[in-house]
Visitor: 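Next up is a structure, given as structure tokens.
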2 protein chains.
Amino acid sequence: MKSGTPLVPRRKPRQSRAQVTCDAILTATAQILVKDGYDAASTNNVARVAGVSVGSVYQYFSSKEALVMAVMERHRAEGLTDLEEGMARLSGTTLREAIRLLIRQVLAKKAANPRLHEVLVEQLPRMRQLQQVDPYAVRMLRLVRTFLEPHAAEVRPRDLDMAAFIIFNTVESLTHVALTGRPEYLTRESYVDELCALVLGYLQPEREAVRRGGRLPERTPRTRTVAARKSRSSGKR
Amino acid sequence: MKSGTPLVPRRKPRQSRAQVTCDAILTATAQILVKDGYDAASTNNVARVAGVSVGSVYQYFSSKEALVMAVMERHRAEGLTDLEEGMARLSGTTLREAIRLLIRQVLAKKAANPRLHEVLVEQLPRMRQLQQVDPYAVRMLRLVRTFLEPHAAEVRPRDLDMAAFIIFNTVESLTHVALTGRPEYLTRESYVDELCALVLGYLQPEREAVRRGGRLPERTPRTRTVAARKSRSSGKR
DNA sequence: AGAGAATGTGAGCACGGACTCACGTTTTCA
DNA sequence: TGAAAACGTGAGTCCGTGCTCACATTCTCT
């Protein structure tokens, strides 16, 4: 792949048949990504699957990177509007309910097309274009921040930008790792519960509870419940 | 890269000069990964930088993937023993203190060689070998679980495996995204504070606080601070 | 109609990468 | 000491990939 190639300046489809070709190319790319991963998505292969010639691919996409980028863009735009709509439906709910709805939505979204999400997220760091500032990420964070602002008073974190960054990335990452490492979790209600607890616990004002929990054992625990001791020994290899 | 190549069966260094070559190769690989990324780490290039011939590389590593895998293994083993040692030093501290120490350790570890961590984490999903069960991940999770067990009684989550999964991945992911997206955060004390709040808040037993927080505004907020309203409108694009 | 623009074609080039192999050199050890 | 094993070499093979270009086809619009 040439490194100096500009990523944007390419012919835009003017006639409808061109639009069709363009769509076919994007769809084929997505399909290959899902089925065989990034490496299989060579320009020649994409052209073949799309039923067009390589030349046509390069009419509309200046490089392989631009091609994958376009698929990503399409997909992310969807995610963005989804979240926007989701947030619009929140009036009249408690913070707790709102967070649960949003988390559930993110999980459902990823579960709907797990493989595509997986591949795209993995390729994200390879996109030169995004190395500087990723407008999508910025908008996502702004959205979360906007969600937090009305609750600024009742919530612990003072730096809402950082809070948005943390919440967004927590939910995003935990969804992603569950997807790849623990697919069962995605459909397990308790996972949603835990994610909610995580976010809500983070937002809650401090208190003393766990701090009172006492010291860690020196060697062996002196006083401990039977259940605790049992699960402990079963945890050893 | 051939896909059918076995990843293990390769000559093991028996003489000391062989060990030297082997080390040189691994070091060169790591160095290239850090400086120029994965794509630059071609076998020929690795050999050149290591000062050996390509043939020697293939004496000990059956493929490029195996090569990178070896670097990863080395690096992850380090991380594992680090965490083990860190946990061994925790007796006599509160849960709160313990968590803070561990989080700070993870952050410091990544900040010490950010680029290597970054590249390796990015390449992780490409490793065919790990697609099934990743023994490193298993051991890490077991470690966290072992850490949690003595506190099973004073802590909210009932499923300690899931809790370990969530905590480990939260800290890991948030460290990583900070590394790549907000490097300033890594040295900011407040980021450590927030991560601690996140984990501790998650572990704390439930309570009513935020639930009482009331409803979200229907259309426009009725009662809201000036500051909140101001930053809110500025949040629009 | 027909000229020019838009669209589509695909053989093939240039390049670089992963990997092999036939052969030298050094070490081991009986 | 000398033969076998371990180690090291690097030119060279093979293959896929990204991408171009000269040309053919279709559309648009006066």
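Chain letters run A, B, ... following the sequence lines, proteins first and then strands; every chain starts at 1.
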Visitor: If you take any heavy atom closer than 4.0 Å to DNA chain C, which residues from residues 40-50 of chain B end up in contact?
Guide: B:S42, B:T43, B:N44
Visitor: Could you check which of C:dG10, C:dA18, C:dT9 has an atom nearest any side-chain atom of A:V54?
Guide: C:dG10
Visitor: Just jot down the side-chain contact (heavy atoms from CB on, under 4.5 Å) partners of A:R115, sequence neighbours excluded, or say none.
Guide: A:V34, A:E118, A:V119
Visitor: Please state how far atom OH in B:Y60 lies from atom P in D:dA6, giving the value in whole angstrom units.
Guide: 11 Å
Visitor: Would you kindly compare B:P13 and B:G55 by the position of their nearest DNA chain D nucleotide and give the one closer to the 5′ end?
Guide: B:P13
Visitor: Under 4.0 Å from any atom of DNA chain D, heavy atoms only: list the residues of residues 28-37 of chain B that qualify, in numerical order.
Guide: none
Visitor: Should B:E149 and B:R145 count as an ion pair when the cut-off is N to O under 4.0 Å?
Guide: yes
Visitor: Not counting sequence neighbours, which residues clear salt bridge (charged side-chain N to carboxylate O under 4.0 Å, His left out) with A:E73? List them please.
Guide: none
Visitor: Would you say B:F168 and B:L143 make side-chain contact, with heavy atoms under 4.5 Å?
Guide: no
Visitor: In whole angstroms, how far is the C1' atom of D:dT17 from the CG atom of A:L67?
Guide: 14 Å
Visitor: Between P on C:dG8 and NZ on A:K12, what's the gap in Å once rounded to a whole number?
Guide: 16 Å
Visitor: Rounded to whole Å, please give me the gap between OH in B:Y58 and P in D:dG12.
Guide: 18 Å
Visitor: Which listed nucleotide (C:dC19, C:dT9, D:dG8) is nearest to the side chain of B:Q59?
Guide: D:dG8
Visitor: Separation of B:Y38 atom OH from C:dG17 atom P, in whole Å?
Guide: 12 Å
Visitor: Could you pull out all residues at least two apart from A:K35 that satisfy salt bridge (charged side-chain N to carboxylate O under 4.0 Å, His left out)?
Guide: none
Visitor: Would the distance check show the side chain of B:S63 and the main-chain N or O of B:A66 forming a donor-acceptor pair, the cut-off being under 3.5 Å?
Guide: yes
Visitor: Could you list the residues that satisfy side chain to side chain donor-acceptor pair (under 3.5 Å) with A:N45, not counting sequence neighbours?
Guide: A:R48
Visitor: Taking atom C1' of D:dG16 as reference, at what distance in whole Å does atom NZ of A:K64 sit?
Guide: 11 Å
Visitor: Taking only side-chain N and O atoms of A:S53, does any of them lie within less than 4.0 angstrom of OP1 or OP2 on C:dT9?
Guide: yes
Visitor: Check DNA chain D against residues 14-25 of chain B and give the residues with a non-hydrogen atom under 4.0 Å, in numerical order.
Guide: B:R14, B:Q15, B:R17, B:A18, B:T21
Visitor: Once salt bridge (charged side-chain N to carboxylate O under 4.0 Å, His left out) is applied, do any residues pair with B:E189, and if so which ones, sequence neighbours excluded?
Guide: B:R100, B:R104
Visitor: Counting the atoms with a prime plus P, OP1 and OP2 as sugar-phosphate, which does B:V52 contact under 4.0 Å by heavy atoms, base, sugar-phosphate, or nothing?
Guide: sugar-phosphate
Visitor: Can you confirm whether A:R139 sits close enough to A:E84 that some side-chain heavy atom of one is under 4.5 Å from a side-chain heavy atom of the other?
Guide: yes
Visitor: Can any side-chain N or O of B:Q123 pair as donor or acceptor with the backbone N or O of B:V68 at less than 3.5 Å?
Guide: no
Visitor: Please name all residues satisfying salt bridge (charged side-chain N to carboxylate O under 4.0 Å, His left out) with A:R126, sequence neighbours left out, ordered by chain then number.
Guide: B:D39
Visitor: Could you state the atom-to-atom distance from CG of B:D39 to P of D:dG16 in whole Å?
Guide: 19 Å
Visitor: So which protein nitrogen or oxygen atoms get under 3.5 Å of nucleotides 2-4 of chain D's nitrogens or oxygens?
Guide:
none

Visitor: Kindly write out the residues that satisfy side-chain contact (heavy atoms from CB on, under 4.5 Å) with A:S53, not counting sequence neighbours, or none if the list is empty.
Guide: A:S56
Visitor: Evaluate the side-chain hydrogen bond (donor to acceptor under 3.5 Å, both in side chains) criterion for residues A:Y191 and A:E184: first the C-alpha distance (whole Å), next the side-chain angles of each, then the deciding distance (0.1 Å), finally the verdict.
Guide: CA-CA 9 Å; A:Y191 197 62; A:E184 334 83 83; over 6 Å; no
Visitor: Restricting to side-chain contact (heavy atoms from CB on, under 4.5 Å), what partner residues turn up for B:Y58, sequence neighbours left out?
Guide: B:R10, B:T43, B:V54
